[in-house]
Amino acid sequence: MKRALISLLLFLVVFLCCQCFIPYTLMQQESFALFLTTPDYIRETFSAPWPVSHLVGNFIVQFFHFPYLGPAVLALLVTGIYLLLSIPFHKKALLLYSIVFGIILCSGAVVLGTNDRVRRLERLNAVEYQAEHHQWQQLLKIATPQATRHDRSLLPYALLALAETGELPTQLFAYPIHSIDDFYPEGWNDRRGLAFGACLYECMGLTNEAIHKNFQAGDALPHGASFGTLRTLMRLYRQQGNDLLADKYRAILAHSTLHGKHPTPTPTTPCTAATAEQRNDSFRSLLITPDYFYNVTTLIAHGANTPILIDRSLCGLLARRDLAHFMSLWNLLPHPEGEAIPPYYREALLLANPATQTEAQGAYTNYFMHP
């Protein structure tokens, strides 16, 4: 009875620690992993070192896809280890063993709750997960202006979420903007940066480039793909209207333990940067370069005059402190009569006009004059 009570308490403690401190880290581990029953996957796994441990690990990690199930699986594993090692102990020896095991467990909980590196990784995994699923309001609750000042790696996610919620023109300089690179840092060539690029270009309506970035992100993973990259490819090809390739990746995912019975839902909030027709026609424009800002402005020049793309372009020019090009683009855009001009745009317009410079007092003016 004592052993059973201690095991139950241990399970609850591990579950609560994982759920409170690293829920998104666990769910993202599933997104990076891959487990299939195909001959190619099995052959590749057994051609690498430690094949059985990798196979078992990837099989277990796939259950982390569901909220609460990842912490439950880890709690079950820890409890199982405790029970297995406790077999030789009885009475006082069992109590001493349980105390030592509890001290080790409490030390791990303290590390999870206080270690800056663990907390930073959890925040990054949280915003990456929310961007992938287009949960923009939840993302902004994590990537706040204060949080981005302490960790600038959150800033591109925050700016993407602000654009998708229509808050970019009004909240831009509440965040620590230094340059146009804050929208999409050029140095982000690792898996996380490429995955962010795939999400960004999907939201811009450039489905082909999003697919390309997603393939590159998959190349950085052990099997050249993962549950996350395969799900994204399935969604992007479906979005593009290429049902043949979408069904191909759906069939691959069906060879996993879970995806055959539990089809992955589409994002709760679709990207609004372009219509479906513009997404399907994006391959016609030769505009993808390493320069994110050039890509945005060229999209607008090709007629993709959606509010989100316009805001990205205008705010990018404000981040560059480029009033001349801001005015040039502003004069090319339609401005319906009676439409309210966001405060930062209004300040920039006043500042660009010598006759009204003294009236331009605000956050953008201070930023432009004193970067």
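This chain uses plain numbering: 1 for the first residue, then up along the sequence.
- Across all their heavy atoms, L36 and I252 have their closest contact at CD2-O, 3.4 Å.
- Within the 3.5 Å criterion, the main-chain N or O of I310 finds no donor-acceptor partner in the side chain of S313.
- Between F227 and F35, the distance separating the two ring centers is not shorter than 6.0 angstrom.
- R235 contributes atom CZ, which lies 14.0 Å from atom CZ of R250 (distance to the nearest 0.5 angstrom).
- Proximity of the aromatic rings of Y184 and F196 is defined here by a centroid distance below 6.0 angstrom, and this criterion is met.
- If you check the side chains of Y345 and D311, you find a donor sitting under 3.5 Å from an acceptor.
- No side-chain N or O of N189 forms a donor-acceptor pair with one of Q216 less than 3.5 Å apart.
- Checked by atom type, the side-chain pair T144/Y175 shows no donor-acceptor distance below 3.5 Å.
- Considering all non-hydrogen atoms of both residues, M327 and L349 come closest at SD-CD2, 3.4 Å.
- Of all the heavy atoms in T170 and P342, the pair that sits closest is CG2-CB, 4.3 Å.
- Using modelled atom types, no side-chain atom of H223 and backbone atom of T45 make a donor-acceptor pair closer than 3.5 Å.
- Side-chain atoms of Q130 and I142, non-hydrogen and from C-beta on, do get closer than 4.5 Å to each other.
- Atom OH of Y68 sits in a sparse spot, with 12 or fewer heavy atoms from other residues, nucleotides or ligands closer than 6.0 Å.
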